[in-house]
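In what follows, a structure is listed as structure tokens, so that the remarks can point back to it.
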Amino acid sequence: MTTLSCQPYKGARDYYPADKRVQNYIFRTWHRVMQLHGYEEYGVPLLEPLEVYAAKSGKELVSEQTYSFTDRGDRKVAIRPEMTPSLSRMVAAKRQELGYPARLYNIGNYLRYERPQKGREREFWQLNTDIFGVEGELPEAEVIGIASEIMKAFGATEKMFVIKINNRNLINYMMAHYLGLDAVQAQLMMKLFDRKNKIEASEFKDQASEIFGADAADAGLHKIATLTAAHSIADLPEDLRNNQAVQEVQKVFTLLEQAGVKNAVFDITLMRGLDYYTGTVFEVFDTDPDNNRSILGGGRYDGLVGLFGVEPISAVGFAQGTTTLEIFLSAHKLLPELPSTTEIGIIPLGTTLQGALKLAARLREEGVKTEVDITERKLDKQIKSVVKKQVQFIIFVGDEELASEQYPFKDTATAEEEKLSFERIVSKVKDRRRGSSGDDEFAEFFE
RNA sequence: GCGAAUGUAGCUCAUCUGGUUAGAGCGCCGGGUUGUGGUUCCGGAGGUAGUGGGUUCAAUCCCCAUCAUUCGCCCCA
């Protein structure tokens, strides 16, 4: 008989209670910010017909990175590698019944068959948020503003992250008309732009001139230098500035300024890999040069709903994953202390287990999350277990306590202990609840 | 899919250029204390050195393969 491995599947993680607390903290914050902005939660199936992704997601994502199989009915099926196509399908199906603007969000897990590494897992969890049915730049500004608020809700300051913004129409115009590239060259150049911040300046230059070809290299490089030096619309060369797409970008920036978002910048090198984007694209980056990593990304994708045979509906959205967000939060020391959801551990003294169980039942009636140690081990072992589980309080229950109804009530963090009545204990725990999380009105997200 | 590094106890690591029964710290379990932990003392369990093959009188150490982990590329959350 061979022994089974304890390791989880490659690229997937086990979430022990301490890990799950971190994940739930992130989920809770996401729920709170999205609901405050009037977004409603929805859900989609884990499985989709493969062609839902084949249509628009991008070649590599579908052919190389999708977990797909043929089901017993001979259907080609994929486990969702992303949300947007499913959501577009869903919106298309009920496009006449939804109230617009349709503001929707979801928190779910996805699978991509990739080589795992730092900030990348095969199974990952992300927030998806989208607004449907509004043309113009207002949805972009709204969604980017929410992205910024999410970052701040996690405690990030504007110095810690930057919102980079670009526009697909501008990119296309720039590639074809300003730089004079054909489709193949443009594709290569987009990939190169995408990597600009990850490679040496000289390497960027070499590869760029190779794409231009010997004849056009000098003029092309000169133009690219002008482009990459541009940190706002105003810095762009005049040939580009009059383009319609530039006006769109300008409008987005004006709206963000009015909304008080100060850390958004124009970045002509921002590309985004997915094929379905049609207008504004944006990403949030860590400003720490050691973590040159995108922690949120999205854009406008007006064509996707129309693929399902209905009139197109304009759409803007973004996704943020827990994997890279966790790296960001811990690097900036933004992860709070997250104690156990269990608030009280009761330790029976001597032969008072029945009394302890009754006390626990009374506490639960008051909504206090309570466990009882039923191991009958030595006292110090029981205390150690409660502390290890990061439960906040201990009540010791012996015959004396049951008679007097005054219980030694210990704070495991400070080691302070006092004798309290049942009522005082309940109010202490509830005070602590309000004080620590600060968002008791969202207590339902603690589930 | 490509490149590189690593793999010894639950965790972090020793074991000097291959040489007797592979060690330590932390953790875990038990006891000193039939009512108080994270900072005491004593004892104990736990390893076919990722796995398989090869070289050798002899392999944790050298070689090959394989698997896993990590870091990059590609791509992306």
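Protein chains get the first letters and strands the later ones, always in sequence-line order, with residue 1 at the start of each. All values derive from a computational prediction rather than experimental measurement.
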*Aromatic ring proximity, centroids under 6.0 angstrom, A/Phe409 and A/Phe393*: yes

*Please report, rounded to the nearest Å, how far the P atom of B/rC73 is from the NZ atom of A/Lys191.*
14 Å

*Provide the distance between the two C1' atoms, one in B/rA24 and one in B/rU8, to the nearest whole Å.*
13 Å

*Calculate the interatomic distance between A/Tyr113 atom OH and B/rC76 atom C1'; express it in whole Å.*
17 Å

*Quick one: CD1 on A/Ile383 to OG1 on A/Thr412, what's the gap to the nearest 0.5 Å?*
11.0 Å

*Please report the closest heavy-atom contact between A/Asp130 and A/Phe318, naming both atoms and the distance.*
OD2-N, 4.4 Å

*Over 60° means perpendicular and under 30° means parallel, so classify the ring planes of A/Phe204 and A/Phe193, tilted if in between.*
tilted

*Atom CZ of A/Arg122 and atom P of B/rC76: how far apart are they, to the nearest Å?*
17 Å

*Roughly how far apart, to the nearest Å, are B/rA45 and B/rU33 at atom P?*
23 Å

*Please check if any side-chain donor atom of A/Tyr105 sits under 3.5 Å from a side-chain acceptor atom of A/Gln35, or the reverse.*
yes

_Using atom P in both nucleotides, what's the gap between B/rG30 and B/rG38 to the nearest angstrom?_
15 Å

*Are A/Lys164 and A/Phe285 in a cation-pi setup, meaning NZ or CZ lies under 6.0 angstrom from the ring centre and within 45 degrees of the ring axis?*
yes

*Can you tell me, in whole Å, how much space there is between the P of B/rA5 and that of B/rC41?*
44 Å

*asked:* By the 4.0 Å heavy-atom rule, please label A/Thr323 as base, sugar-phosphate, or nothing.
replied: base

*Rounded off to whole Å, could you give me the CG-to-P distance for the A/Asp286 and B/rA77 pair?*
17 Å

*asked:* Please report the distance, rounded to the nearest Å, between CG in A/Asp194 and P in B/rC76.
replied: 7 Å

*Taking atom P in both B/rC76 and B/rG3, what distance in whole Å separates the two?*
22 Å

*Could you check how far CG of A/Leu192 sits from P of B/rC74, rounded to whole Å?*
10 Å

_Can you check the distance between B/rG53 and B/rU60, where both ends of the measurement are the P atom (answer in whole Å)?_
14 Å

*Partner nucleotide, any strand, of B/rU21 [Watson-Crick/G-U, under 3.5 Å]*: none

*Strand partner of B/rG47, provided both Watson-Crick or wobble distances fall under 3.5 Å*: none

_Between C1' on B/rA77 and CZ on A/Phe154, what's the gap in Å once rounded to a whole number?_
13 Å

*asked:* Could you check, using the six-membered ring where one of them is a Trp, whether A/Trp125 and A/Phe27 have ring centers closer than 6.0 angstrom?
replied: yes

_Inter-nucleotide P distance (B/rG7, B/rC63), Å rounded_ = 13 Å

*Would you kindly give the CD-to-C1' distance between A/Glu203 and B/rC73, to the nearest whole Å?*
11 Å

_Closest heavy-atom pair and its distance - A/Ala360, A/Val372_ = CB-CG2, 3.5 Å

*asked:* If we check side-chain hydrogen bond (donor to acceptor under 3.5 Å, both in side chains) with A/Thr323, which of these qualifies: A/Glu121, A/Arg13, A/Lys118, A/Arg120?
replied: A/Glu121

*Does the B/rA77 base have a donor-acceptor partner in the side chain of A/Glu114 within less than 3.5 Å?*
yes

*asked:* Tell me which nucleotide, if any, is Watson-Crick or G-U wobble paired with B/rU69 when both distances must be under 3.5 Å.
replied: B/rA5

*Pairing partner of B/rC75 (Watson-Crick or G-U wobble, both distances under 3.5 Å)*: none

*Determine the Euclidean distance between corresponding P atoms of B/rC61 and B/rC75; express it in Å to zero decimal places.*
40 Å

*asked:* On a heavy-atom basis, which atom in A/Asn166 and which in A/Thr269 lie closest, and how many Å separate them?
replied: ND2-N, 4.2 Å

Check nucleotides 67-72 of chain B against the protein and report each pair of N or O atoms closer than 3.5 Å, with its distance, or say if there are none.
unit_1	atom_1	unit_2	atom_2	d
B/rA68	O2'	A/Gln7	OE1	3.4
B/rA68	O2'	A/Gln7	NE2	3.0
B/rU69	OP2	A/Lys10	NZ	2.9
B/rC71	OP2	A/Lys118	N	2.7

*Look through every strand shown and name the nucleotide pairing with B/rU56 as Watson-Crick or G-U wobble, where both distances are under 3.5 Å.*
none

*Enter the distance from A/Tyr277:OH to A/Thr84:OG1 here, rounded to the nearest 0.5 Å.*
6.0 Å

*Can you give one letter per nucleotide of nucleotides 31-41 of chain B, going 5' to 3': B for a protein heavy atom under 4.0 Å from the base, S for sugar-phosphate only, - for none?*
SS--BBBB---

